[in-house]
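Note sheet for the following structure.
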2 protein chains.
Amino acid sequence: MKLGEGVEWAAHCAIIVAGLAGRSTIPGKALAEYHGVSETYLLKHLKALVTAGILESVPGPRGGYRLARDAAEITLLDIVEAIDGKQPVFRCTEIRQRGPTAVEACAYRGPCGINRAMLSAEAAWRLALAEHTLASLAAGVAISADPRVISRTGEWLARNERKSAS
Amino acid sequence: MKLGEGVEWAAHCAIIVAGLAGRSTIPGKALAEYHGVSETYLLKHLKALVTAGILESVPGPRGGYRLARDAAEITLLDIVEAIDGKQPVFRCTEIRQRGPTAVEACAYRGPCGINRAMLSAEAAWRLALAEHTLASLAAGVAISADPRVISRTGEWLARNERKSAS
DNA sequence: ATAATCATGGATGATTTATATCCATGATTC
DNA sequence: GAATCATGGATATAAATCATCCATGATTAT
């Protein structure tokens with residue numbers, strides 16, 4: 001079982017976007033360069049964040065991406081679900097209804113016990129993810145990062161951030 | 001992100017094996033038939049359970065599988081890890097060390113904040129899985145299953161169970 | 001002993017998913 | 001009107017997963 005790289009990319013991008021001033025934006029191309037990843041593919045993931053209502057996109061020469069809502073209202077779970085989908089990790093194939101001991105399908109009322117256990121564990125996972133907001137993650141990065149990285153990021157932001165007109 | 005079918009197969013098999021009397025065994029072929037799945041592939045997963053110390057296998061004409069330890073001492077987490085491995089679900093590729101703002105690798109001390117959050121959520125998932133034992137799962141199946149299924153399973157067991165010599 | 005049964009392990013192919021790219025389109029700003 | 005940027009679809013490539021087959025070795029019944 002594995003979580004795709006897209007989630008990592010999206011989360012890091014979201015933290016950068018959360019660091020923008022006001023309603024400024026940052027282009028997808030800059031985000032790809034900053035993280036050293038494929039631009040075209042990253043754009044796909046950013047689009048998923050837009051569809052999920054996490055980011056909003058501004059087209060045009062001074063366009064880019066910005067947060068669609070406050071950083072404290074965006075959780076890690078939101079990002080994971082936007083990229084990876086909301087499907088359950090464990091998919092019960094109703095194996096109990098197969099083989100020689102099976103009876104009519106209507107006899108199997110409640111969900112399979114194994115499925116129940118798996119789903120409850122998954123709920124615990126999602127709950128833990130939802131406890132981390134973009135705001136808390138960004139704060140964590142800020143206090144633990146190397147000063148040189150922070151300074152370089154500041155310069156890079158100054159070059160690439162698109163100040164809001166308003 | 002998806003958990004393979006092997007986990008489902010292994011879990012259901014483990015519950016059947018947990019229902020055997022004493023040190024009796026059940027052949028892999030019978031388990032495959034019971035669940036209506038590929039025998040050769042199921043054998044691979046059963047092997048993984050043996051390697052993990054969950055089942056033990058008895059070769060020979062009257063051989064098969066039985067639990068390697070008490071059902072109350074085997075958790076759903078054990079089974080998931082035996083089949084799916086113990087690798088973390090989220091694998092940090094240290095994306096922060098790439099791109100134009102990167103500095104020397106030694107400057108990145110602690111783990112990335114996103115990685116920390118992901119790992120903590122994963123720990124919650126594993127903890128929840130570990131709360132379900134084979135004994136509790138088997139009990140849950142027993143009380144919620146259709147009476148006809150239970151009776152058929154009993155007959156099936158009588159035909160396929162290999163009583164222990166001792 | 002011999003044959004039957006069963007687990008083991010490796011090699012292999014098929015299927016699916018994830019990753020990545022390209023190109024055409026439409027919207028916005030200079 | 002031209003440049004810039006996001007969008008969306010089509011498509012290729014790589015990797016992980018699923019599944020099967022076959023050869024081997026161990027054990028037990030006859």
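By convention in this document, chain letters (A, B, ...) are assigned in the order of the sequence lines, proteins followed by strands, and residues within each chain are numbered from 1.
For the pair B:Ile83 CD1 and D:dT17 C1', the interatomic distance rounds to 14 Å; values are reported in whole Å. Remark: P of D:dA6 and CG of A:Leu49 are 13 Å apart, rounded to the nearest angstrom. Rounding to whole angstrom units, CD of residue B:Gln87 and C1' of D:dT17 are separated by 13 Å. Residue B:Leu46 contributes atom CG, which lies 9 Å from atom P of C:dT8 at whole-angstrom precision. In this structure, B:Leu55 atom CG and C:dC6 atom P are separated by 17 Å, rounded to whole Å. Taking atom CG on B:Leu42 and atom P on D:dA19, their separation rounds to 11 Å, with Å as the unit.
Each side-chain hydrogen bond (donor to acceptor under 3.5 Å, both in side chains) pair with one or both residues in residues 49-60 of chain A, not counting sequence neighbours, appears once here: A:Arg23-A:Glu56, A:Lys47-A:Thr51, A:Glu56-A:Arg66. Sorted by first and then second residue, the side-chain hydrogen bond (donor to acceptor under 3.5 Å, both in side chains) pairs with a member in residues 4-13 of chain A read A:Glu8-B:Thr93; sequence neighbours excluded.
Among residues two or more places apart in sequence or in another chain, the side chain to side chain donor-acceptor pair (under 3.5 Å) test is passed with B:Glu122 by B:Arg126. Taking A:Tyr65 as the reference, nothing meets the ring-ring contact (aromatic ring centres under 6.0 Å, His included) condition, with sequence neighbours excluded. Qualifying side-chain contact (heavy atoms from CB on, under 4.5 Å) partners for A:Asp84, counting only residues two or more places apart in sequence or in other chains: A:Leu3, A:Val7, A:Val80, B:Met1. Every salt bridge (Lys or Arg N to Asp or Glu O under 4.0 Å) that A:Arg69 has, sequence neighbours left out, goes to A:Asp78. Under the rule for a side-chain contact (heavy atoms from CB on, under 4.5 Å), the partners of A:Lys29 that lie at least two apart in sequence or sit in another chain are A:Glu33, A:Glu39. For A:Ala30, the side-chain contact (heavy atoms from CB on, under 4.5 Å) partners two or more places apart in sequence, or in a different chain, are A:Ile26, A:Pro27, A:Trp156, A:Asn160.
In this structure a side-chain-to-backbone donor-acceptor pair under 3.5 Å is present from A:Arg162 to A:Gly63.
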Between the protein and nucleotides 25-30 of chain C, which nitrogen or oxygen pairs come in under 3.5 angstrom?
none

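Looking at the side chain of B:Arg162, the nearest of the listed nucleotides C:dC6, D:dT7, C:dT8 is C:dC6.
B:Val149 forms part of a hydrophobic cluster together with A:Val103, A:Tyr108, judged by ILVMFWY side-chain heavy-atom separations under 4.5 Å.
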Give the B/S/- string for nucleotides 11-23 of chain C, one per nucleotide from 5' to 3', where a protein heavy atom under 4.0 Å of the base yields B, of only the sugar-phosphate yields S, and otherwise -. -------SBBB--
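Between A:Val37 and A:Leu31 there is no side-chain heavy-atom pair separated by less than 4.5 Å.
Using a 4.0 Å heavy-atom criterion, one finds that B:Leu43 contacts the bases of the nucleic acid, with or without backbone contacts as well.
Each end of the helix from C:dA1-D:dT30 to C:dC30-D:dG1 gets its own axis, taken as the rotation carrying the C1' atoms of four end pairs onto the next four within a five-pair window, and the two axes meet at 10° to the nearest 10 degrees.
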